[in-house]
Amino acid sequence: MEDLFLAAERPADPDRLTVSFDAWEGPLDLLLALARTQKVDLREISILALVEQYLDFIDGARQLKLELAADYLVMAAWLAYLKSGLLLPRDEQIDPSPEELALRLQLRLQRLQAMREAGARLMARDRLGRDVFPRGAPEGLRIGRKAAWDASLYDLIQAYGQVRARTQPAVHVVSRRAVMTLDEAIQRVEALVGSRVEWTLLARFLPEGIDAALGRSALASSFVAALELARQGKVDIRQDGIFAPLYLRAANGRAEAQT
Amino acid sequence: MNAEPDDLMRAIEATLFASDVPMSAADLRLHVGDGGDVPALLARLAADYAGRGINLVERGGRWHFQTAADLAHILRREKEESRRLSRAAMETLAIISYHEPVSRAEIEAIRGVQVGKGTLDVLMEAGWVRPAGRREVPGRPLTYATTPAFLTHFGLASRRDLPGIDDLRAAGLLDPVDLALESAMAGSRSDADPEADGDNPVQSVVEMDDEDA
Amino acid sequence: MNAEPDDLMRAIEATLFASDVPMSAADLRLHVGDGGDVPALLARLAADYAGRGINLVERGGRWHFQTAADLAHILRREKEESRRLSRAAMETLAIISYHEPVSRAEIEAIRGVQVGKGTLDVLMEAGWVRPAGRREVPGRPLTYATTPAFLTHFGLASRRDLPGIDDLRAAGLLDPVDLALESAMAGSRSDADPEADGDNPVQSVVEMDDEDA
């Protein structure tokens, strides 16, 4: 990789360069490879120098008309920005500061480097099947599973009861529930709205003193009735917000016509 | 295993261990080199392992490690697992016990759903059901009946001890499904009732075909 | 290997020897019974075999016999090397093992490139990495962690044995960049501050259960 890098630094001799960006796994990888050429601890690396190395490298690659993946160019743009930030006098406070950006880059390089080394150390361990070996022909262990079926007499007779119950002819009785039909509700609401010009709560149109089940049915039917009557142009409906109470009144045109 | 194992002996030990076939002294030399008395070291190794759980044995000039013969039983363990019968198996068993001898077609007619072959296999494997001859009708269907082990398991002196239809009705076990459904839906018995699971008629309605055990 | 092996120890020895997978003390008890101090006998067995051509080793609470590492040269099989891990897979495995549980986005943040679909697949297919639940943050990303087979393959008794993990942690190199940046900018608190570990709430959120092997 170092050879490739050195080659890239000599764009004057393009024939020798067979650099492929496939050699790097992304810009950060390339940056790390460049950083290594500074031959110092990553903590003491000169970010400014690294930025220049990277930009030179990209530049060289461009002169060679190598096709560069977008992320390398994005990194180059970002580093150019960082470079100008580091070089320019800092009268204006930009946030985050160039120093912070540089430090962030340095920290990322350190982390990548740490994991790269950790991976290498991991791979170098005495690995099972490569350096140490399990027994070649183990007899194997076997646990034969023998099912002990569990069922009680109660389970048995209950199962039989259910079979019999299931196969007996079933008689279905539909219980009657109190409902207000839509027709009923339309008649009722239409009659009650009459020529009322003031807004009146929908709930006021329900019969008084009915039980909860019938009340729900009546409310639902009356609501649909109100929609139907509004569609027919007989009532206006108003609601001030979602889930707010509904108000009805006789439709404007009709009320006016009658007055 | 008192002697300090020397390097060649360790190498022989490891090679035999890792090999998937028994090896002769000549095979071993290919791995560990020629510089030692391999047969003597094999004999020493065998002596080291004598009396342990692992032995080094020679068969026809080839050596291999094996577990000590007296420990074979622990390598093959049988484990009893308590398992519940599936609903299909339970119902099938119940029908056989009340109607025996009974053919598979008859069981299906009573259950109202098909009976998978696996279901009868499970009951026979459990030792509760046996084939009970063929019925002399067209097709000569095989019939099934319960076994003495069935009576023993369910604590019955004879099949006559099974509660009759009237007993079942009195116990509420013949309640039509719809009623049982309503009371289940009413909620009171759903969670707390340990029997609710077996009782739950929704399940028997939904589960059309039997799940084999 | 001086002590006369007792029956239970022989049984443990034979069982581990015959098994084709590493076994925990609980696994062993299924075969050898409950009547003895299995962990103590495992330790004794391991001591018996220390220095021999075969060793008894513990990996993530599970035990197996394997050949001694220094004999690799006579046993190494070249063909195994043909399937080398790619660098991407190697780094991804390192990141998962040192940071687990870790999400794909976190892996990508460290590597600076996307994790190819094949990379995690390869590691999971090798049996070294497993999905380890979702993190309860927006998007509920899936996290990954290593498996017992990972420890077995790489000869690690536990994740604490990961090469250099203590140094990396002390140097803050296992902390997320944001956190490291914060403490670096704060200046006075150095990265190596041993207190930083327990002190910092961000870290305890990110490294969910770094400590358990």
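These numbers come from the heavy atoms of this one structure, side chains and all, not from hydrogens, waters or symmetry mates. Here is how names work: the chains are called A, B, and so on, in the same order as the sequence lines, proteins then strands, and each is numbered from 1.
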Using non-hydrogen atoms only, which part of [X] is less than 4.5 Å away from chain A: side chain, backbone, both, or neither?
{"X": "C:I110", "answer": "both"}
{"X": "C:I54", "answer": "neither"}
{"X": "C:S97", "answer": "side chain"}
{"X": "C:D27", "answer": "neither"}
{"X": "C:F154", "answer": "both"}
{"X": "C:A88", "answer": "both"}

Mind checking whether [X] and [Y] have side chains closer than 4.5 Å, heavy atoms only?
{"X": "A:D126", "Y": "C:Q66", "answer": "no"}
{"X": "C:E91", "Y": "A:E25", "answer": "no"}
{"X": "A:M115", "Y": "C:L168", "answer": "yes"}
{"X": "C:D175", "Y": "A:R111", "answer": "yes"}

| Under the side chain to side chain contact (heavy atoms under 4.5 Å, CB included) test, residues paired with A:P27 that sit two or more places apart |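 With sequence neighbours excluded, A:P27 shows a side chain to side chain contact (heavy atoms under 4.5 Å, CB included) to A:Y54, A:D71, A:Y72, A:M75, given in chain and number order.
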Can you name the closest pair of heavy atoms from [X] and [Y] and give their distance?
{"X": "A:E139", "Y": "C:F17", "result": "OE1-O, 4.4 Å"}
{"X": "C:V113", "Y": "A:G26", "result": "CG1-CA, 3.3 Å"}
{"X": "A:V132", "Y": "C:A69", "result": "CG1-CA, 3.5 Å"}
{"X": "C:A18", "Y": "A:P138", "result": "O-CB, 3.3 Å"}

| said: What part of A:Q113 gets within 4.5 angstrom of chain C, counting heavy atoms only: side chain, backbone, both, or neither? | reply: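 The answer is neither part of A:Q113.
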| message | Between A:L28 and chain C, with a heavy-atom cut-off of 4.5 Å, which part of the residue counts as in contact: side chain, backbone, both or neither? | response |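 Contact with chain C is through the side chain of A:L28 alone.
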| Can you tell me if A:R116 uses its side chain to pair, donor with acceptor, with the backbone of C:A94 under 3.5 Å? |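 Flag not set: sc A:R116 to bb C:A94 has no pair under 3.5 Å.
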| field | Check: C:A109 main-chain N/O paired with A:R108 side-chain donor or acceptor under 3.5 Å | value |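 Yes, A:R108 side chain to C:A109 backbone: donor-acceptor pair under 3.5 Å.
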| If you tally heavy-atom pairs under 4.5 Å against chain A, which of C:G112, C:G155, C:G164, C:P163 wins? |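 Result: the option with the highest number of such pairs is C:P163.
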| field | Option in C:H31, C:H64, C:Q114 with maximal non-hydrogen atom pairs under 4.5 Å from chain A | value |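 If we count pairs closer than 4.5 Å to chain A, C:H31 comes out on top.
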| task | Verify side chain to side chain contact (heavy atoms under 4.5 Å, CB included) between C:F65 and A:R135, making sure each step is shown before the conclusion. | result | CA-CA 7 Å; C:F65 280 109; A:R135 188 160 168 226; over 6 Å; no
| message | Please evaluate residues C:L181 and A:Q106 with respect to the criterion side chain to side chain contact (heavy atoms under 4.5 Å, CB included), reporting the C-alpha separation (whole Å), side-chain torsions for both, the decisive distance (0.1 Å), and the verdict. | response | CA-CA 10 Å; C:L181 192 68; A:Q106 191 173 356; over 6 Å; no
| query | What pairs with A:R104 under salt bridge (charged side-chain N to carboxylate O under 4.0 Å, His left out), at least two apart in sequence or on another chain? | reply |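 For A:R104, the residues satisfying salt bridge (charged side-chain N to carboxylate O under 4.0 Å, His left out) (neighbours in sequence not counted) are C:D178.
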